[in-house]
Structure formats: structure tokens, C-alpha cells
Amino acid sequence: MKAPVRVSVTGAAGQIGYSLLFRIAAGEMLGPDQPVVLQLLEIPEAQEPLQGVVMELEDCAFPLLAGVTTSDRAEEAFADADYVLLVGAKPRGPGMERKDLLEANAAIFSAQGQALNQAARPSVKVLAVGNPANTNALIAQHNAPDLDPRHFTAMTRLDHNRALAQLANRVGCHTREIRGLTVWGNHSATQYPDISHCEIQGRPAPELLETEWVRETFIPTVQQRGAAIIKARGASSAASAASAAIDHMRDWALGTPEGAWTSMAVPSDGSYGIDAGLIYSFPVRCSGGDYRLVEGLAIDDFSRERMEATAAELREERDAIRHLLP
Ligand code: NAX
């Protein structure tokens, strides 16, 4: 059996946490031969419900779960962490402006970035799930100068999976039969799910799908899927978000399938004309515990405009909290 790795999860008593922790402990994120220690962070007020979650984790008697710790101190929860999932965030309260939300989360993610810098392993891989996810990842990254900046990522995998599901329903195939989909940009309503390079059952998607359906139905449905779930369920997506977080980390750690790519929000290196440094969702391939952008895709005018609109929103978010970046 391999030595255990340490996986820290913030917001562990929240609804995503409740779906996420059990799947990590079952080996779905890092593989069936990889024991894990879970290091759970919550605010002081949520320590009691967190203890209930810990009791349930114990009661599963997971063969791969090598230990569970809880804390309300980020340095403690991130100690020697190999993987960190930043799920806890401040939700938008009544009357709160977008700027207030950005600032409230900037405070949380600055402190957590500093704690990561001090306490986590130098090779730590970080995923921001808590919203605004891309900008939260940026803030944490800027506060962790000793860590690899490329290891700060944000989650657009839920958007990617939602887009796959919409395409599979439309064509009447399985999501497994779709390759080459990309979600570009921000995890927000400006994201751009792009089918230009997509193949469905081996055939180019633009030949199978009418442009009008793609532009008027598919793109807005994916962009607004989170709101549709809140309307139907009375609560935001949780199990599907947890599942996407598992997919993101599993692919990063263990690799994307041969010939396939996925979408991850990662620091831009200037590829595709996106400002270097923004945490922007790109097509990526993963292998050997690393990711690489898929380079050289042809971008038409429609795509260029959409990619630029979501980049503009990310620049605005960054500029709104720039005074808080070190
Ligand atoms: P919940 O409100 O159920 O849980 C959040 C938990 O975080 C709470 O238990 C809270 O006590 C904790 N928390 C708050 N501040 C914290 C801090 N400073 N340190 C540690 N823990 C803290 O929300 P949930 O539904 O689990 O969603 C969590 C976050 O994911 C939200 O920001 C949400 O907007 C975001 N989402 C992101 C998605 C994505 O695709 N990137 C999709 C799903 C989800 O909407």
C-alpha cells in the first residue's frame, strides 16, 4: 500500500463538502490504491456539524481513509497538504453588491493563500471551488509566493460536464462519445462553452448541430444551468459540483484519457491572446501529475468575441480587488 497523502478541504461542513468528502475517502479522486488523510477546515460556528460529518466518515470504515483532522485554523488544516480543495466561501447576502462579495472573499482567500504558503507541501495542488472561483484562486496564488503559481487552479469542470450532458441529450449519444469540448474563461454566466473543435461519435460537432441551436439554446443553457438548479431544487448544485471537483483533481493527478482534453481554469501564459496571469479556463491535457494547455486551436470571430468578453469580466474582477493583492 502507498503512503497516505494529505487532502485539505475547506467549507467541509457545507453541502458540497457533504458529497465530496465521502468520495475522496472512497478513493474516487486519487485512485483505489492511494490512502488519504482528510484535513477539514471550517469556521468556528460550524465545528459542531463538522464533528457529525467526521462521525459519518468513521462509520463508513473506508479502507483508504488513513485519518481525519478538523480545525478552524487554516495553517493547521493545510499542514503538509498535497492537495487542497478551497470550497468554503462567503455567499452573497441580501443587498450585497458584487464588489462586496469580491472583497469579502478576497479577505478569506488572502488569509488561506498565506496559510498555504506557510504550511502546505511545496508541490501542493490547489483547486478553488468557492465563488468567485477564478478570482479567489488568483488571490490565494498572489498570497503564496513560495508555491508554484501554476498549481493554483479554479473549477470550470462542472460547466464542462454540463455542456457534455446538453450535447449528449441533443444528439442522443453518451457523454463518453464526445471529445474536444472547451469551456473558456470565467466560471460565471460569461463563460464560453465552445463546440468548434468538438467531435461527437467521431464526427465534427459543427456538422451535426445547427448554429442557431448552439448559439441560442446550448450556450445560454450551460451558462444558466446553476440558476436553473437553484430554481428547481431550492438549493445550489452540490453533488454535481463535488463530482466535478473530483474529476478536476483526478485528471490533474492521474491524467486525462488518451487523446482527450478537459477544461480547467489555470493561470494564463498568454496563449490565445488571454492576459498572462488571469486564472482563465482553457482546454488542457494532463499527464504525470501536470497539465498542459492545448495549443494551436483555430479560433473564429464568434469564439474570439466570446473569449474576450469572459476575459474582460475576469480583468474587472481582478481590478476590483487589486488593492488587496500583495
Ligand atoms: P455551503 O454554504 O453549503 O457551504 C460552505 C461552507 O463553507 C459552510 O459550511 C461555511 O461555514 C464554510 N466557510 C465559510 N467561510 C469559510 C472560511 N473562511 N473557511 C472555511 N470554511 C468556510 O455552500 P456550498 O453549496 O457547499 O458551496 C460552496 C461554494 O462553492 C460556494 O461559494 C458556491 O458558490 C461554490 N460553487 C462553485 C461551483 C463551481 O463550479 N466553481 C459550483 C457549485 C457552487 O455553487
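Nothing here was measured: the structure is a model prediction, and the numbers come from that model. Each ligand, and each atom within it, is numbered from 1 in the order the structure gives.
- With a 4.5 Å cut-off on side-chain heavy atoms, Val126 and His151 do not count as touching.
- Of the possible donor and acceptor atoms, one in the side chain of Asn134 sits under 3.5 Å from a partner among the backbone N and O of His187.
- Protein heavy atom nearest atom 28 (C) of ligand 1, with residue, atom name and distance: Val87 O, 3.3 Å.
- Residue Met155 approaches ligand 1 through these ligand atoms, each under 4.0 Å from one of its heavy atoms: 39 (C), 40 (O), 41 (N).
- The side chain to side chain donor-acceptor pair (under 3.5 Å) contacts involving residues 256-267 comprise Arg157-Thr262, His160-Ser263, Thr182-Trp261, where partners must be two or more places apart or lie in separate chains.
- Remark: minimum distance from atom 42 (C) of ligand 1 to any protein heavy atom is reached at Leu158 CD2, 3.7 Å.
- Checking atom 36 (N) of ligand 1 against the protein gives a heavy-atom contact under 4.0 Å.
- A salt bridge links Asp290 with Arg150: the closest approach of a Lys/Arg side-chain nitrogen to an acidic carboxylate oxygen falls below 4.0 angstrom.
- Short contacts between ligand 1 and Gly11, defined as distances under 4.0 Å to a heavy atom of the residue, involve ligand atoms 6 (C), 7 (O), 12 (C), 20 (C), 21 (N).
- Residue contact annotation: Ala13 has a non-hydrogen atom under 4.0 Å from ligand 1.
- Close contacts of ligand 1 with Ser236, meaning ligand atoms under 4.0 Å from a residue heavy atom, involve 25 (O).
- Residue contacts with ligand 1 for Arg157 are absent, since no atom lies close enough (heavy atoms, distance under 4.0 Å).
- In this model, a donor atom of one side chain and an acceptor atom of the other lie less than 3.5 Å apart for Arg23 and Ser243.
- For atom 19 (N) of ligand 1, the closest non-hydrogen atom of the protein is Gln112 NE2, 3.3 Å.
- Tyr18 is not listed as a side-chain neighbour of Gln15, based on a closest heavy-atom distance of 4.5 Å or more.
- Between the side chain of Glu316 and the backbone N or O of Ala311 there is no donor-acceptor pair closer than 3.5 Å.
- With respect to Arg304 and Glu308, no salt bridge is recorded, no charged nitrogen being found less than 4.0 Å from a carboxylate O.
- Proximity of Ser237 to ligand 1, defined as any heavy-atom pair under 4.0 Å, is confined to the backbone N, CA, C and O atoms.
- Legend: side chain to side chain donor-acceptor pair (under 3.5 Å) pairs involving residues 202-225, not counting sequence neighbours, sorted by first then second residue: Arg170-Glu210.
- Compare Pro132, Gly130, Ala89, Ala242 by their heavy atoms: the one nearest to atom 14 (C) of ligand 1 is in Ala89.
- Polar contact check, Ala128 against ligand 1: no nitrogen or oxygen pair lies under 3.5 Å apart.
- With a heavy-atom cut-off of 4.0 Å, Gln15 touches ligand 1 through backbone and side chain alike.
- Classification of the Tyr280-Phe282 ring pair by plane angle, with boundaries at 30° and 60°, yields tilted.
- Scanning all protein heavy atoms for the shortest distance to atom 43 (C) of ligand 1 gives Ala241 CB, 3.5 Å.
- Under 4.0 angstrom from ligand 1, the non-hydrogen atoms of Asn131 come from both its backbone and its side chain.
- Annotation: atom 5 (C) of ligand 1 to nearest protein heavy atom, Gly14 CA, 4.2 Å.
- Ring pair Tyr272/Trp184 is perpendicular by interplanar angle, where above 60° counts as perpendicular and below 30° as parallel.
- When only non-hydrogen protein atoms are considered, atom 8 (C) of ligand 1 lies nearest to Glu42 OE2, 3.4 Å.
- Applying the 4.0 Å criterion to heavy atoms of Gly88 picks out, from ligand 1, the atoms 7 (O), 13 (N), 22 (C).
- Distance from atom 22 (C) of ligand 1 to its nearest protein heavy atom, with residue and atom name: Ile43 CG2, 3.8 Å.
- His187 NE2, 3.5 Å is the protein heavy atom nearest to atom 38 (C) of ligand 1.
- Side chain of Asn117 to main chain of Asp146: a donor-acceptor pair is present (N/O by atom type, distance under 3.5 Å, no hydrogens or angles).
- Ligand 1 places these atoms under 4.0 Å from at least one heavy atom of Ile108: 18 (N).
- With distances taken over non-hydrogen atoms, the option nearest atom 30 (O) of ligand 1 out of Asn134, Leu40, Ile16 is Ile16.
- Using modelled atom types, no side-chain atom of Glu199 and backbone atom of Arg179 make a donor-acceptor pair closer than 3.5 Å.
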